[in-house]
Amino acid sequence: MIRYSRVVGTGGYLPEEVRTNEQISETVDTSDSWIYERTGIKSRRIAGAHESAASMAEIAARQAIEAAGCDPQTIDLIIVATGTPDLVYPSTGCLLQQRLGIKNAVAFDVQAACSGSIFALSIADQYIKSGAAKTVLVVGSEICSRIVDWTDRGTCILFGDGAGALLLSVTNEPGVLSTHIHSDGDFKDLLYCPLPQTSVNKNEQEAGYISMRGNEVFKVAVNTLGRIVDETLEANNMDRSEIDWLVPHQANIRIIAATAKKLKMSMKQVVVTLETQGNTSSASVLLAFNEAVRDGRIKRGQVVLLEAFGAGFTWGSALIKY
Ligand code: UT7
């Protein structure tokens, strides 16, 4: 039998606090109109003091497990994508495993910045296709608000907190059609976030926050995402007209619109959560996917293209028959 992986459940969690562009404009030199016009963001969610990547991951994961109607003890692999783990170790995956009380699984984290969810999904798919796992929990969970410099208007306007999850299960018909992941370590200086205690560079030790040359990142992101669309279509011998939905990483509405244009897709076929969530890094694609599944936009049998781009640079895509 040929093994494929198939999405059997999705979940998401957004913290309660809403932080609007107006509120940010009170502390840094910016405005609602500048932020909205340049990014498409109006507000973002901010985690409470009691919350963490693991606590948010737990809520999203429980929703995905419930939607799948599966016994959590059948999960044999847990992959958490996060750049904002609760601890350096144990991994957030292990913390999530403990919270869910799942005994016979292996859990680990994936660090690929904003592309983390696609990387995690790709690994999960390989495990299932090879027969090494049958049911895999994939989660992206981020508390970006804690690594953002709230005095830097170039970054603090962009990011938000949240968690998204999906459960993949083995099946004999597709499923996940293909995944494609890439990295290029030459671009570290354009987008990075140091861990103060382990950085060798004195300036990075002092900062400890996201540092980004936004406009340069923007240009590479648009070109790279255009290329990954071509790669994904070619690998599946598919025409762009066969794609029903684009579920992009939510970094900037202008980047999303450029990818949609490349696919000749109407923005009506693009799932956009950016306006009220901002960029939730590795959670964004899973949150958007969950939202569109739950509100009935994405239907069983439809073809969905997921894509993301992030620090590293890292980038990737997944083509899914839902
Ligand atoms: O998710 C991981 C990947 N991340 C991304 O993909 C983010 C990609 N980058 C972006 O989304 C955009 O580059 C930003 C939204 C960050 C910035 O937009 P931009 O159109 O690239 O603006 P810019 O950096 O070229 O700056 C244009 C002007 C500058 O002023 P001058 O030099 O023209 O006087 C900035 O100082 O806008 C100024 N500026 C702001 N003004 C008001 C920068 N940030 C702000 C701000 N409010 N928040």
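Throughout, residue positions are numbered sequentially from 1 according to the sequence presented. Ligands are counted one by one from 1 in listed order, and the atoms in each one are counted from 1 as well.
When hydrogens are left out, the protein atom nearest atom 45 (C) of ligand 1 is Trp34 CH2, 3.3 Å; that is the closest non-hydrogen contact. What sits closest to atom 2 (C) of ligand 1 on the protein, heavy atoms only, is Cys114 SG, 3.4 Å. Here the heavy atom of the protein found nearest to atom 25 (O) of ligand 1 is Asn215 ND2, 3.2 Å. Counting only heavy atoms of the protein, atom 18 (O) of ligand 1 lies nearest to Arg254 NH2, 3.7 Å. Closest to atom 29 (C) of ligand 1 among all protein heavy atoms lies Arg153 NH2, 4.9 Å.
Among the atoms of Gly214, some N or O lies under 3.5 angstrom from an N or O of ligand 1. Of the polar atoms of His249, at least one N or O is found under 3.5 Å from an N or O of ligand 1, judged by distance alone.
The one candidate from Phe313, Trp315, Phe309 that meets the ring-ring contact (aromatic ring centres under 6.0 Å, His included) condition with His182 is Trp315.
In this structure, atom 13 (O) of ligand 1 has a protein heavy-atom contact shorter than 4.0 Å. Protein heavy atoms come within 4.0 Å of atom 41 (N) of ligand 1. Distances from atom 10 (C) of ligand 1 to the protein include at least one heavy-atom value under 4.0 Å.
The contact set between ligand 1 and Thr30, taken as ligand atoms under 4.0 Å from a residue heavy atom, comprises 42 (C), 46 (C), 47 (N), 48 (N). Within ligand 1, the atoms closer than 4.0 Å to a non-hydrogen atom of Thr39 are 15 (C), numbered from 1 in the order shown. Near Ala251, with a cut-off below 4.0 Å to any heavy atom, the atoms of ligand 1 are 1 (O), 5 (C), 6 (O). Interface of Asn252 with ligand 1, defined as ligand atoms under 4.0 Å from a residue heavy atom, comprises 10 (C), 11 (O), 12 (C), 15 (C). Residue Ile157 approaches ligand 1 through these ligand atoms, each under 4.0 Å from one of its heavy atoms: 48 (N). Proximity to Ile255 (heavy-atom distance under 4.0 Å) selects the following atoms of ligand 1: 6 (O). Using a 4.0 Å cut-off to heavy atoms of Arg38, the atoms of ligand 1 that qualify are 19 (P), 20 (O), 22 (O), 27 (C). Using a 4.0 Å cut-off to heavy atoms of Val217, the atoms of ligand 1 that qualify are 3 (C), 4 (N), 5 (C), 6 (O).
Between atom CD1 of residue Ile118 and atom OG1 of residue Thr179 there is a gap of 9.0 Å, rounded to the nearest 0.5 Å. A distance of 8.5 Å separates CD1 of Ile79 from CG of Leu121, quoted to the nearest 0.5 Å. Rounded to the nearest 0.5 Å, atoms OG (Ser91) and CG (Asp86) are 10.0 Å apart. The CD1 atom of Ile228 sits 9.5 Å away from atom CD1 of Ile181, with the distance rounded to the nearest 0.5 Å.
Cluster annotation: Phe187 and Ile210 are assigned to the same hydrophobic cluster (Ile/Leu/Val/Met/Phe/Trp/Tyr, side-chain heavy-atom contacts under 4.5 Å, transitive).
Remark: side-chain polar atoms of Glu142 are not paired, donor with acceptor, to backbone N or O of Thr280 under 3.5 angstrom. Ser284 places a side-chain N or O within donor-acceptor distance of the main-chain N or O of Gln250, the cut-off being under 3.5 Å. Ser141 contributes no side-chain N or O that, together with a main-chain N or O of Ala163, makes up a donor-acceptor pair within less than 3.5 Å.
A search for salt bridge (charged side-chain N to carboxylate O under 4.0 Å, His left out) contacts involving Arg62 returns Glu58, not counting sequence neighbours. The side-chain hydrogen bond (donor to acceptor under 3.5 Å, both in side chains) check on Ser31 picks up Ser33, with sequence neighbours excluded.
Residue Asn279 touches ligand 1 through its side chain alone, judged by heavy-atom distances below 4.0 Å. At a heavy-atom cutoff of 4.0 Å, ligand 1 is contacted by no atom of Val28, backbone or side chain.
In this structure, Arg19 satisfies the cation-pi test against Trp150, with its NZ or CZ atom closer than 6.0 Å to the six-membered ring centre and inside 45 degrees of the ring normal.
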